[in-house]
Amino acid sequence: MNHSSIIRASALEYVRGVTSGEFTAEEFLSETLSRVGEAETRYHAYLRVEDSQRLLARAREVDRGIKSGQKVGLLAGMPVSIKDNICMRGSRTTCGSRMLEGFVAPYDATAVSRLHAEGAIIVAKANMDEFAMGLSTEFSAYGPSRNPWNTEYVPGGSSGGSAVAAAAFECVASLGSDTGGSVRNPASFCSVVGYKPTYGLVSRHGLVSYANSIEQIGPIARTVSDAALVLGVIAGRDEHDDTTADAAADDYLEGIEGGVEGMRVGIVDEMTEGADPEVARAVARAAGDLEAAGASCERISLDMVGYSVPSYYTITAAEAASNLARYDNLRYGYDLPTDGYEFNSYVAEARGRFGPEVTRRMILGGYVSSAGHAGRYYLKALKVRAKLTREVADAFASSYDILMAPTVPILPFRIGEKSDDPVSLFMVDLNTVTANLTRRPAVSVPYAVSAGGLPIGIQMMADSMQDKTLLRAARALERKRPPLPEVPD
Amino acid sequence: MSGSGRGAGGAAGGAAPRPVIGLEIHCQMTSLKSKLFCPCRADYRGMAPNENVCPVCMGMPGTLPRLNAEAVRRGTMIAMALGCAIPERISFFRKNYFYPDLPKNFQITQLDMYGDTSIGGRGSVLVGGRTVGIRRVQLEEDPGRMIYEGASVQNRISLVDYNRAGTPLVEIVTEPDFEGPRQLRLFLQMLSDMVGNLGVCNPALEGAMRADANVSLEGGNRVEIKNISSFHDLEKAVVFEIARQEAQHSRGLEVAQETRHWDAARKITAPSRLKEEEKGYRYLLEADIPWVRIDAETVESLKSRMPESVSEKRERFVSRHMIPPQVADVLSSDKMYSDLFDAARTDKNARELANIITTDLMGLAMASSAAAAAPAAARDDVGGDAQKKKHDDPASDVIRVDGLRELADAVASGQMARNSAKQALHEMAKTGKSFAEVSSEMDLGLISDESELLGVVRSVISEEPQAAKQAYSNPNTVNYLVGKVMQKTRGKADPQVTLELLKRCLLGD
């Protein structure tokens with residue numbers, strides 16, 4: 001591998017290469033950093049890159065460790081990035097919002113401390129839709145990221161920066177967060193793997209809450225195995241997050257090559273019917289691939305899916321209004337003198353910095369959960385969620401190991417194309433929100449590229465805590481799919 | 001504002017309907033080590049502003065609450081003591097409103113709107129022979145504290161101290177079962193004794209127990225009174241509010257349904273300027289805290305952990321330790337002092353010990369705040385379930401319990417006069433010296449040496465010829481002379497020896 005191409009290595013290739021002395025962590029990192037410098041002029045995947053001298057010093061430390069036979073961790077100096085709603089001590093964490101322009105996190109998220117403990121080098125904070133609300137990264141207060149497959153197009157969102165960074169070799173892997181598809185959607189649009197774990201598998205400590213009852217941190221990487229490797233590092237019980245499952249750290253690579261022989265796959269009608277024809281064809285071919293690998297595929301109908309998006313927006317808006325209430329600029333935030341204000345007027349003025357989408361959802365959330373309206377909206381949405389959960393649980397219990405659909409029913413769209421039409425943008429979430437509402441794990445696997453050169457991803461979902469089964473199925477599809485073109489550069 | 005009168009109007013001049021009063025009491029769990037959702041200290045008192053905080057209780061982005069399991073256990077014990085039903089599982093809710101003392105701009109609390117998932121509910125207690133219903137008991141976090149500085153409202157500066165933010169509170173909501181201030185007083189006394197006895201709260205700490213009252217006249221609109229800083233003021237506020245509502249009623253005016261604030265300076269209730277209560281709190285399930293199961297096993301183990309109740313304790317003091325009922329009342333109602341009693345008690349000294357504690361020690365604590373530190377120091381040591389506080393040298397606490405025991409022993413065995421015991425106690429509390437040191441240094445021991453007393457007895461007889469003469473026939477006069485000897489020796493003369501000497505001298509004359 002020559003120097004210009006080493007940064008295209010998968011995570012597993014990186015670990016093998018660096019520990020066998022094929023290249024040093026410092027070489028890999030410095031190649032990555034120069035790639036970032038060049039790629040960022042076009043993609044804007046990152047909001048901030050960390051100090052390169054300090055990062056390189058860390059890489060040299062890893063190299064010394066490898067030479068002297070010390071433990072350097074599973075990730076051994078691997079350059080990774082994290083979405084800007086994940087806290088890293090001493091580093092700014094803005095959530096893509098001007099509201100938190102001046103917020104420097106005083107502590108590490110558990111996912112961050114676990115990455116560090118395994119020797120990862122976190123190079124940058126990735127761009128995102130403001131407070132993770134959006135699916136195009138156009139709602140970032142710091143400008144949109146661009147899709148490396150075509151810079152006129154959105155990279156998806158809200159973890160758009162993370163997906164772009166992984167797709168454009170600006171890191172080996174990245175952490176995003178997925179509230180209604182925010183890891184899987186941009187992964188699909190950028191032709192990388194996006195993994196949303198079972199709710200409670202990964203600690204949310206240090207993930208800035210948007211809709212805390214359904215969201216998870218998840219890895220974005222170039223291969224299924226890479227996502228599994230990173231998942232293994234960040235997953236497991238955390239005493240800082242009472243909602244984490246009582247599961248010990250696990251190796252999610254174990255059994256990943258086991259194939260789908262004998263697995264039963266349901267293709268969800270409601271998620272496929274209205275899809276773009278090219279997208280629908282991809283799903284059909286993917287089903288064929290899985291059958292060829294020994295799985296049985298059939299169509300399945302989930303009635304409640306039709307109500308999932310309104311339920312999702314109602315619940316997330318109500319939770320967002322509560323979770324984002326703390327941003328009153330009194331304890332942290334940005335510089336705004338208090339002279340001449342009393343509490344209410346100051347808070348109103350300070351919160352004027354929220355962008356339009358966040359404001360819209362908070363107003364919506366206040367309304368749907370307020371006395372007199374909660375019964376018609378918020379509580380009804382919870383009922384829908386409960387019914388949907390029952391329906392999905394039944395499907396897994398009685399018939400299926402995997403539920404499959406397009407990750408997004410449509411192809412990536414142009415920047416600005418849908419930004420004036422929030423409701424049509426909401427429908428882009430149709431296939432992804434079910435996994436969040438029902439707390440099931442789901443993954444987007446790159447499958448094809450459209451005639452127009454835009455990526456198409458396939459979503460797979462499994463039952464709660466069946467993350468290993470899901471990764472095995474995803475890996476089987478990845479192995480079976482027709483070869484994908486290289487991302488243009 | 002509600003305009004629908006529920007029967008208040010039109011009865012001008014008639015006898016006022018009876019008052020109906022309910023209470024909401026907030027009790028801080030001062031004896032816990034940590035806050036309700038983070039490891040910061042539950043006892044924030046005496047710390048510099050904003051010293052007792054962390055990212056969690058400051059509501060920093062990305063932080064999550066971590067429920068304090070001991071708070072759940074202690075809260076359950078309070079609910080049990082109030083006769084409440086204990087739910088199989090509890091959950092938490094967010095009460096959303098903006099206020100500067102609330103770091104997250106929501107308060108994590110409990111709610112029974114979607115099923116009984118508060119820590120306890122539907123209980124009752126007997127107060128002064130009447131039943132008071134307990135609607136619910138819930139756990140919640142205390143907000144921070146606002147401090148206002150500046151001469152006028154126009155240039156007032158608001159400061160916030162978050163040391164208190166997130167400290168564990170138990171809220172107790174009663175049914176509107178109170179008819180008047182006397183019953184309120186009895187209930188609040190019972191409740192503060194109870195939480196103290198359970199080792200959950202030290203009610204003596206400022207702000208540890210606070211109450212709001214709901215007052216109405218039967219059939220009329222309900223008025224909520226907030227901002228009451230002490231139980232003493234609560235009574236005054238309720239008395240005022242009843243009078244105000246009766247006056248409205250007698251004039252045929254409807255009592256408005258509203259929230260009023262107690263103005264302690266003017267001793268009146270006044271309508272709140274803030275209309276915060278009017279808007280909804282948009283309660284949401286707190287998804288960051290999973291449901292907590294309270295299984296039968298837990299309930300049983302907590303039952304076995306429940307200390308002897310105040311009334312059981314009183315009964316034991318009277319029947320087993322032969323303490324007069326009035327003394328037992330005082331002693332049993334205070335956990336700190338009754339623990340001290342039990343720690344220093346022997347079969348022989350119990351009565352004297354109870355006297356010393358309830359009169360001398362309590363008097364001492366009341367008299368000077370400096371001296372109050374002495375009994376407070378004893379608390380950690382003797383509370384079997386006491387949480388380890390910052391407290392200093394445990395040896396010095398043991399000396400205090402021992403000192404008290406030795407003192408009571410000395411009085412009980414007749415080695416020291418009752419009066420001298422008080423003096424010795426003062427000295428021990430002031431200097432921290434042991435009983436032995438104090439009694440020898442202060443020369444508080446009884447003078448039973450005949451040669452020493454004989455001179456005093458003789459001089460008394462010569463100074464009191466009249467009494468000495470009568471003493472032959474009247475035994476009361478002998479006692480009078482004993483008293484004179486006591487006076488001269490400042491209470492140190494052994495009364496038995498003095499009597500002997502007196503008799504001998506008088507007869508011998």
Side-chain angles (χ1 to χ4, degrees), chain A residues 85-87 93-95 100 103 105-107 109-110 131 199-200 203-209 211-214 238-244 315 318-319 321-328 330-333 338 342-344 346-348 351 365-374 378-379 382, chain B residues 37-39 50 53-69 92-108 113-114 144 146 153-160 162 165 274 276-292:
Chain A
N85 60 353
I86 300 172
C87 292
T93 299
T94 69
C95 297
L100 287 181
F103 176 64
Y107 68 100
T110 298
F131 282 102
Y199 185 84
S203 168
R204 289 180 294 113
H205 172 65
L207 169 67
V208 179
S209 290
N212 54 310
S213 78
I214 59 176
D238 175 23
E239 61 151 23
H240 294 289
D241 178 357
D242 282 348
T243 66
T244 46
I315 291 168
E319 291 186 12
S322 173
N323 284 320
L324 273 62
R326 72 187 63 190
Y327 306 118
D328 54 21
L330 258 58
R331 290 160 295 275
Y332 49 80
T338 55
E342 48 78 48
F343 176 65
N344 286 315
Y346 180 78
V347 171
R351 285 168 70 81
Y367 181 78
V368 297
S369 60
S370 61
H373 301 291
Y378 176 63
L379 297 177
L382 291 180
Chain B
F37 301 116
C38 67
N50 296 309
V53 295
C54 73
V56 175
C57 58
M58 283 296 268
M60 286 286 180
T63 56
L64 300 169
R66 296 146 66 195
L67 180 61
N68 181 339
F92 289 84
F93 286 80
R94 292 181 180 181
K95 182 178 183 178
N96 295 285
Y97 64 98
F98 281 85
Y99 209 71
D101 63 6
L102 209 54
K104 304 181 290 294
N105 284 318
F106 60 77
Q107 180 196 29
I108 302 179
M113 200 187 291
Y114 308 111
M146 302 288 297
V153 176
Q154 279 73 33
N155 44 37
R156 194 171 71 164
I157 297 171
S158 310
L159 301 169
V160 198
Y162 292 104
L274 295 166
E276 62 192 77
E277 294 78 16
E278 307 245 336
K279 70 180 183 211
Y281 289 120
R282 295 189 290 108
Y283 284 101
L284 293 185
L285 188 73
E286 175 49 278
D288 290 335
I289 305 171
W291 295 79
V292 179

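Each chain gets a letter, A, B and so on, in the order the sequences are listed, and its residues count up from 1.
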**Student:** Can you say whether the rings of Tyr327(A) and Tyr332(A) are parallel (under 30°), tilted (30 to 60°) or perpendicular (over 60°)?
**Tutor:** perpendicular
**Student:** Strictly under 6.0 Å, is that where the ring centroids of Phe93(B) and Tyr283(B) end up?
**Tutor:**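 Here the rings of Tyr283(B) and Phe93(B) have centres that are no less than 6.0 Å from each other.
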**Student:** Measuring heavy-atom distances to chain B, does Ala109(A) have an atom under 4.5 Å in its side chain, in its backbone, in both, or in neither?
**Tutor:** neither
**Student:** With no hydrogens and no angle check, just 3.5 Å: does a side-chain donor-acceptor pair link Asp238(A) and Thr244(A)?
**Tutor:** no
**Student:** Can you tell me how far CD of Glu319(A) sits from CG of Asp288(B), rounded to the nearest 0.5 angstrom?
**Tutor:**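 Reported value, rounded in 0.5 Å steps: 8.5 Å.
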**Student:** Between Phe92(B) and Phe37(B), how do the two ring planes meet: parallel, tilted or perpendicular, split at 30° and 60°?
**Tutor:**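 Aromatic pair Phe92(B)/Phe37(B) classed perpendicular.
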**Student:** Heavy-atom cut-off 4.5 Å, strictly under: side chain, backbone, both or neither for Leu379(A) against chain B?
**Tutor:**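 Interface part for Leu379(A): side chain.
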**Student:** Heavy-atom pairs under 4.5 Å with chain B are the metric here; pick the option from Ala318(A), Ser322(A), Ala105(A) that has the most.
**Tutor:**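 When all of Ala318(A), Ser322(A), Ala105(A) are compared, Ser322(A) has the most.
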**Student:** What part of Tyr378(A) gets within 4.5 angstrom of chain B, counting heavy atoms only: side chain, backbone, both, or neither?
**Tutor:** side chain
**Student:** Under 3.5 Å, side chain of Tyr97(B) to main-chain N/O of Leu102(B), donor-acceptor pair present?
**Tutor:**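 No.
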**Student:** Side chain, backbone, both or neither: which part of Arg94(B) has an atom under 4.5 Å from a heavy atom of chain A?
**Tutor:**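 Looking at Arg94(B), just its side chain touches chain A.
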**Student:** Answer with side chain, backbone, both or neither: which region of Glu239(A) has an atom nearer than 4.5 Å to a non-hydrogen atom of chain B?
**Tutor:**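 Looking at Glu239(A), backbone and side chain both touch chain B.
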**Student:** Between Asn85(A) and chain B, which part of the residue has a heavy atom less than 4.5 Å away: side chain, backbone, both or neither?
**Tutor:** neither
**Student:** Out of Ala287(B), Cys38(B), Pro103(B), which one racks up the most heavy-atom pairs below 4.5 Å with chain A?
**Tutor:**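 Max contact count across the listed options: Pro103(B).
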**Student:** Who among Leu284(B), Val56(B), Val160(B) has the most heavy-atom pairs with chain A under 4.5 Å?
**Tutor:**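 Of the candidates given, the most pairs with chain A belong to Leu284(B).
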**Student:** Looking at Ile86(A), Leu330(A), Thr93(A), Asn323(A), which makes the most heavy-atom pairs under 4.5 Å with chain B?
**Tutor:**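 Between Ile86(A), Leu330(A), Thr93(A), Asn323(A), the count favours Asn323(A).
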**Student:** Would you confirm whether Arg351(A), through its side chain, and Asp328(A), through its main-chain N or O, come within 3.5 Å as a donor-acceptor pair?
**Tutor:**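 Not a single qualifying donor-acceptor pair exists.
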**Student:** Which region of Pro100(B), side chain (C-beta onward) or backbone (N, CA, C, O), has a non-hydrogen atom less than 4.5 Å from a non-hydrogen atom of chain A, or is it both or neither?
**Tutor:** both
**Student:** Look at His205(A), Arg331(A), Glu342(A), His373(A) and state which one has the largest set of heavy-atom pairs under 4.5 Å with chain B.
**Tutor:**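 The option with the most such pairs is Arg331(A).
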**Student:** Give, as side chain, backbone, both or neither, the part of Leu207(A) having an atom under 4.5 angstrom from any heavy atom of chain B.
**Tutor:** backbone
**Student:** Between Met60(B) and Phe103(A), does a side-chain contact (heavy atoms from CB on, under 4.5 Å) hold up when you go through it step by step?
**Tutor:** CA-CA 10 Å; Met60(B) 286 286 180; Phe103(A) 176 64; 3.6 Å; yes
**Student:** Among Val368(A), Asp242(A), Val208(A), who wins on heavy-atom pairs under 4.5 Å with chain B?
**Tutor:** Asp242(A)
**Student:** How close do Lys104(B) and Gly59(B) get, heavy atom to heavy atom, and via which atoms?
**Tutor:**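 Result for this residue pair: CG-CA, 3.8 Å.
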